[in-house]
K.L.:
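If you scroll down you'll find the structure; I have some questions about it.
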Amino acid sequence: MASHYALFVDLENCGGKKSMLMDVIERVKIRGDILIGKVYGYTDSYSDLKEILLSNTFAVVPSLRFGRSQKNSLDIQLVIDALDVAYKNPLIDSFCIVSGDSDYVPLVGKLKSMGKFVLGISRSEAASGVFMNACSEFQFLESVSSGKQRVNDSAGEALTLSDVNELITTVLRESDSGEMLASEAKGVLLRLRPNFSEKSVGFSTFGKLLARLAQQFGSFSLINEQYNLIVSLNQTRGHTQEQIERGNYVRIFGRILAEYKEDGFDRVNPSILKSAVQAEYPDFTERQIGLRRFSDVLRALERERLLELETDDGGNMLVHIL
């Protein structure tokens, strides 16, 4: 049975980009239904979010600045709303909080004591270690957004075969085992894109559509097991056969940094950057480019003027993308 989520988004932490908010909503919808959604700190500068907020029936808490206490007042409002939902709406069994503020730790503790699952999502530069450890599960916003092929999300436009294949592949990657029943996959697909229909892409049944996608794209395979059709992700070693070496590492890191910048991330945690590189180049080690530690790689990239190394208030290193 799918979980029922309440999703609360701190727009300042999320960055307010439409693509980023779509990625967060998609990540939660893969896990279950979003019954309640609310964003905090809305202003006219976020007007491009109107369509996505309305189509997902989100409520907004505007930012009415007065004095220096605005951020704290929005934090308190989020806590009040979350507790109100937890006590009054028995359908909600899971919460997603898009913010890394340690002030939410008592809220997370209370929700967990009530038997609720709490998913935390935050930019790595703003994520408190205490908040990360308090959540039932925590994900960096950069990981939610990175390495994704943008799928058509325009209202009323039919999905293409490539769109459907990319969505199903994403769903399988996010599942615990990399496989699920075809009926479950269709249920998740409908949560992500309610306008989906196998008939709109020329197939009479969902099973026939899956067979065509498996044959054409090869991202997943189909298994018939005791009258059940199972969709199983095909394991790949990465997106490219190219290896990182001294002659190309600056170009490769530059491209990955540029993708983060394009997605709205000015600063990322070094571990996030290394994970993104290893997701695309699984065999990467620092010794391939003649260096011993990843910090040495970062300093070399700093000399190339691709980034600047900074430290946050807690003394942790951050990568500032130039």
K.L.:
So Tyr40 and Phe8, would you call those rings parallel, tilted or perpendicular, with 30° and 60° as cut-offs?
P.N.:
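Tyr40 and Phe8: tilted rings.
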K.L.:
Within the distance-only criterion (no hydrogens, no angle test), does the side chain of Ser122 pair as donor or acceptor with the backbone N or O of Ser99 below 3.5 angstrom?
P.N.:
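Not a single qualifying donor-acceptor pair exists.
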K.L.:
Is it true that atom NZ of Lys261 has more than 12 heavy atoms of other residues, nucleotides or ligands lying nearer than 6.0 Å?
P.N.:
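More than 12 within 6.0 Å, yes.
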K.L.:
Out of curiosity, Asp81 CG to Ile76 CD1, how far, rounded to the nearest 0.5 Å?
P.N.:
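Answer rounded to 0.5 Å: 12.0 Å.
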K.L.:
Can you list the steps and then say if Arg267 with Glu310 is a side chain to side chain contact (heavy atoms under 4.5 Å, CB included)?
P.N.:
CA-CA 9 Å; Arg267 291 172 177 80; Glu310 302 176 349; 2.8 Å; yes
K.L.:
May I ask you to say whether Lys116 pairs ionically with Asp93, meaning some side-chain N is under 4.0 Å from a carboxylate O?
P.N.:
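Salt bridge flag = no for Asp93 with Lys116.
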K.L.:
Starting from the C-alpha separation in whole Å, work towards a yes-or-no answer on side chain to side chain contact (heavy atoms under 4.5 Å, CB included) for Phe58 and Ile52.
P.N.:
CA-CA 8 Å; Phe58 271 56; Ile52 182 175; over 6 Å; no
K.L.:
Just wondering, do Ile97 and Phe131 contact through their side chains at under 4.5 Å, heavy atoms?
P.N.:
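With C-beta onward as the side chain, the pair touches.
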K.L.:
Using every non-hydrogen atom in the two residues, find where Gln243 and Gln288 come nearest and quote the distance to one decimal.
P.N.:
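Nearest pair, atom of Gln243 first, then Gln288: OE1-NE2, 4.0 Å.
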K.L.:
Taking the side chain from Asn133 and the backbone from Val130, do they hold a donor-acceptor pair closer than 3.5 Å?
P.N.:
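No, the answer is negative, given that no donor and acceptor are paired below the 3.5 Å cut-off.
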K.L.:
Run the salt-bridge test on Lys17 and Asp263 with the 4.0 Å N-O cut-off and return the result as yes or no.
P.N.:
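A salt bridge is absent here (no side-chain N lies under 4.0 Å from a carboxylate O).
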K.L.:
Would you say Ile252 and Phe284 make side-chain contact, with heavy atoms under 4.5 Å?
P.N.:
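Not in contact.
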K.L.:
Under the rule for salt bridge (charged side-chain N to carboxylate O under 4.0 Å, His left out), what residues qualify as partners of Glu174, not counting sequence neighbours?
P.N.:
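For Glu174 the salt bridge (charged side-chain N to carboxylate O under 4.0 Å, His left out) partners, ignoring immediate neighbours, are Arg27.
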K.L.:
Are the charged groups of Arg255 and Glu262 less than 4.0 angstrom apart, N to O?
P.N.:
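Looking at Glu262 together with Arg255, the answer is no, because their closest N to O distance does not fall below 4.0 Å.
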K.L.:
Which class fits the ring pair Tyr249 and Phe253: parallel under 30°, tilted 30 to 60°, perpendicular over 60°?
P.N.:
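Because their plane-to-plane angle is over 60°, the rings of Tyr249 and Phe253 count as perpendicular.
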K.L.:
Quiz question: by atom type and distance under 3.5 Å, do the side chains of Asp44 and Ser47 form a donor-acceptor pair?
P.N.:
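On atom types as modelled, these side chains do not qualify, holding no pair under 3.5 Å.
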K.L.:
Short question: side chain of Thr170, backbone of Glu166 - any donor-acceptor pair under 3.5 Å?
P.N.:
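Side chain of Thr170 to backbone of Glu166, a donor-acceptor pair under 3.5 Å: yes, one is there.
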K.L.:
Run the side-chain hydrogen bond (donor to acceptor under 3.5 Å, both in side chains) test against Ser197 and tell me which residues pass, sequence neighbours left out.
P.N.:
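Checked Ser197 against side-chain hydrogen bond (donor to acceptor under 3.5 Å, both in side chains); zero matches.
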K.L.:
Kindly compute the distance separating CZ (Arg123) from CD (Glu142), expressed to the nearest 0.5 Å.
P.N.:
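One gets 7.0 Å once the value is rounded to the nearest 0.5 Å.
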K.L.:
Could you check whether any side-chain heavy atom of Asp101 comes within less than 4.5 Å of a side-chain heavy atom of Ser128, counting everything from C-beta outward?
P.N.:
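No, too far: nothing below the 4.5 Å cut-off.
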K.L.:
Might you work through the side chain to side chain contact (heavy atoms under 4.5 Å, CB included) test for Leu189 and Leu167, ending with a clear yes or no?
P.N.:
CA-CA 7 Å; Leu189 189 56; Leu167 285 168; 3.7 Å; yes
K.L.:
Within a 6.0 Å radius of atom NZ on Lys110, are there more than 12 heavy atoms belonging to other residues, nucleotides or ligands?
P.N.:
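For Lys110, atom NZ is not crowded (no more than 12 foreign heavy atoms under 6.0 Å).
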K.L.:
Without hydrogens or angle criteria, can the side chains of Tyr5 and Asp33 be said to hold a donor-acceptor pair below 3.5 Å?
P.N.:
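No, Asp33 and Tyr5 have no side-chain donor paired with an acceptor closer than 3.5 Å.
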K.L.:
Minimum heavy-atom separation for Arg246 to Gly290, with atom names?
P.N.:
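Smallest heavy-atom distance, with atoms named: NH2-CA, 3.5 Å.
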K.L.:
Do Ser177 and Ser175 have a side chain donor and acceptor closer than 3.5 Å?
P.N.:
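Per modelled atom types, Ser177 and Ser175 side chains form no pair under 3.5 Å.
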K.L.:
Can you tell me if Arg191 uses its side chain to pair, donor with acceptor, with the backbone of Lys29 under 3.5 Å?
P.N.:
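A pair under 3.5 Å: yes.
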K.L.:
For the pair Lys88 and Asp84, find out whether any cationic side-chain nitrogen is under 4.0 Å from an anionic carboxylate oxygen.
P.N.:
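Between Asp84 and Lys88 there is a salt bridge, with a charged N closer than 4.0 Å to a carboxylate O.
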K.L.:
So how far is it from Ser94 OG to Leu35 CG, rounded to the nearest 0.5 Å?
P.N.:
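Nearest 0.5 Å value for the OG-CG distance: 10.0 Å.
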K.L.:
So Val188 and Ile168, do their side chains get closer than 4.5 Å, heavy atoms only?
P.N.:
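A side-chain contact under 4.5 Å is absent here.
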K.L.:
Looking only at atom types and distance, does a side-chain atom of Asn165 sit under 3.5 Å from a main-chain N or O of Ser162, one as donor and one as acceptor?
P.N.:
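Checking the backbone N and O of Ser162 against the side chain of Asn165, no donor-acceptor pair under 3.5 Å is found.
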K.L.:
Measure the NZ-OG1 distance between Lys199 and Thr205 for me, rounded to the nearest 0.5 Å.
P.N.:
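Reported to 0.5 Å precision, the distance equals 8.0 Å.
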K.L.:
Contact between Phe138 and Leu119 at the side-chain level, heavy atoms closer than 4.5 Å - yes or no?
P.N.:
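Result no, sub-4.5 Å side-chain heavy-atom pair not found.
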K.L.:
What about Val61 and Leu54, same hydrophobic cluster or not, with Ile/Leu/Val/Met/Phe/Trp/Tyr joined at side-chain heavy-atom distances under 4.5 Å?
P.N.:
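Each belongs to a different hydrophobic cluster.
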K.L.:
Looking at side-chain heavy atoms only, is the closest gap between Val39 and Leu49 below 4.5 Å?
P.N.:
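The answer is no, as the side chains (C-beta and beyond) never meet within the 4.5 Å cut-off.
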K.L.:
Answer yes if Val250 and Leu309 sit in the same cluster of Ile, Leu, Val, Met, Phe, Trp and Tyr residues linked by side chain heavy atoms under 4.5 Å apart, and no otherwise.
P.N.:
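They do share one cluster, since a chain of ILVMFWY contacts under 4.5 Å joins Val250 to Leu309.
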K.L.:
Just verifying a value: how many Å separate Glu198 CD and Ser204 OG, rounded to the nearest 0.5 Å?
P.N.:
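If I round to the nearest 0.5 Å, the distance is 8.0 Å.
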K.L.:
Is Leu83 reachable from Leu74 through a run of I, L, V, M, F, W or Y residues, each pair having side-chain heavy atoms under 4.5 Å apart?
P.N.:
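Linked, Leu74 and Leu83 end up in one cluster.
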K.L.:
Might you point out which heavy atoms bring Ala82 and Leu111 nearest each other, and give the distance in Å?
P.N.:
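Scanning both residues, the minimum pair turns out to be O-CD2, 4.3 Å.
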K.L.:
Which pair of heavy atoms, one from Leu53 and one from Leu21, lies closest together, and at what distance?
P.N.:
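Looks like CD2-CD2, 3.9 Å.
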K.L.:
State whether the side chain of Asn89 and the backbone N or O of Val85 hold a donor-acceptor pair below 3.5 Å, judged by distance alone.
P.N.:
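Here the side-chain-to-backbone pair does not exist.
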K.L.:
Do Glu286 and Arg292 meet the salt-bridge criterion of a basic N to acidic O distance under 4.0 Å?
P.N.:
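So Arg292 does not pair with Glu286 through a salt bridge.
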K.L.:
Using atom types as modelled and distance alone, determine if a side-chain donor or acceptor of His4 lies under 3.5 Å from a backbone N or O of Leu91.
P.N.:
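Answer holds: yes.
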K.L.:
Under a 4.0 Å N-O cut-off, is there an ion pair linking Glu302 with Arg305?
P.N.:
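Arg305 and Glu302: not salt-bridged.
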K.L.:
Look up atom SG in Cys96 and atom CD1 in Ile34, then write down how far apart they are to the nearest 0.5 Å.
P.N.:
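The distance works out to 8.0 Å.
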K.L.:
Under a 3.5 Å cutoff, is there a donor and acceptor pairing between the side chains of Asn269 and Lys274?
P.N.:
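Checked: Asn269/Lys274 side chains show no N/O donor-acceptor pair below 3.5 Å.
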K.L.:
Would a single hydrophobic cluster contain both Leu233 and Ile230, if residues Ile, Leu, Val, Met, Phe, Trp and Tyr are joined by side-chain heavy-atom contacts under 4.5 Å?
P.N.:
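Result: no, two separate clusters.
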K.L.:
Using the side chain to side chain contact (heavy atoms under 4.5 Å, CB included) rule, take Leu192 and Ile25 through it: C-alpha gap first, then chi angles, then the decisive distance, then the call.
P.N.:
CA-CA 9 Å; Leu192 293 171; Ile25 292 173; over 6 Å; no
K.L.:
Determine, for Glu26 against Arg193, whether the closest basic-nitrogen to carboxylate-oxygen distance falls under 4.0 angstrom.
P.N.:
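Yes, this pair counts.
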K.L.:
Of the non-hydrogen atoms in Ala182 and Phe206, which two are nearest, and what is the gap between them?
P.N.:
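Between these two residues, the closest heavy atoms are O-CE2, 3.3 Å.
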K.L.:
Minimum heavy-atom separation for Ile321 and Phe265, please, with both atom names.
P.N.:
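Closest approach of Ile321 to Phe265, heavy atoms only: CD1-O, 3.6 Å.
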K.L.:
Answer with yes or no whether the hydrophobic clustering places Ile92 together with Val118; edges join I, L, V, M, F, W, Y residues whose side-chain heavy atoms lie under 4.5 Å apart.
P.N.:
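Linked, Ile92 and Val118 end up in one cluster.
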K.L.:
Do Asn224 and Leu229 come within less than 4.5 Å of each other through their side chains, counting heavy atoms only?
P.N.:
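SC-SC contact between Asn224 and Leu229 confirmed.
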K.L.:
Is a side-chain donor or acceptor of Lys112 paired with a backbone partner of Ala134 at a separation under 3.5 angstrom?
P.N.:
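Yes, because the side chain of Lys112 sits within donor-acceptor range (under 3.5 Å) of the backbone of Ala134.
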K.L.:
Do Leu161 and Leu209 have side-chain heavy atoms sitting under 4.5 Å apart?
P.N.:
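The answer is yes, as the side chains (C-beta and beyond) meet within the 4.5 Å cut-off.
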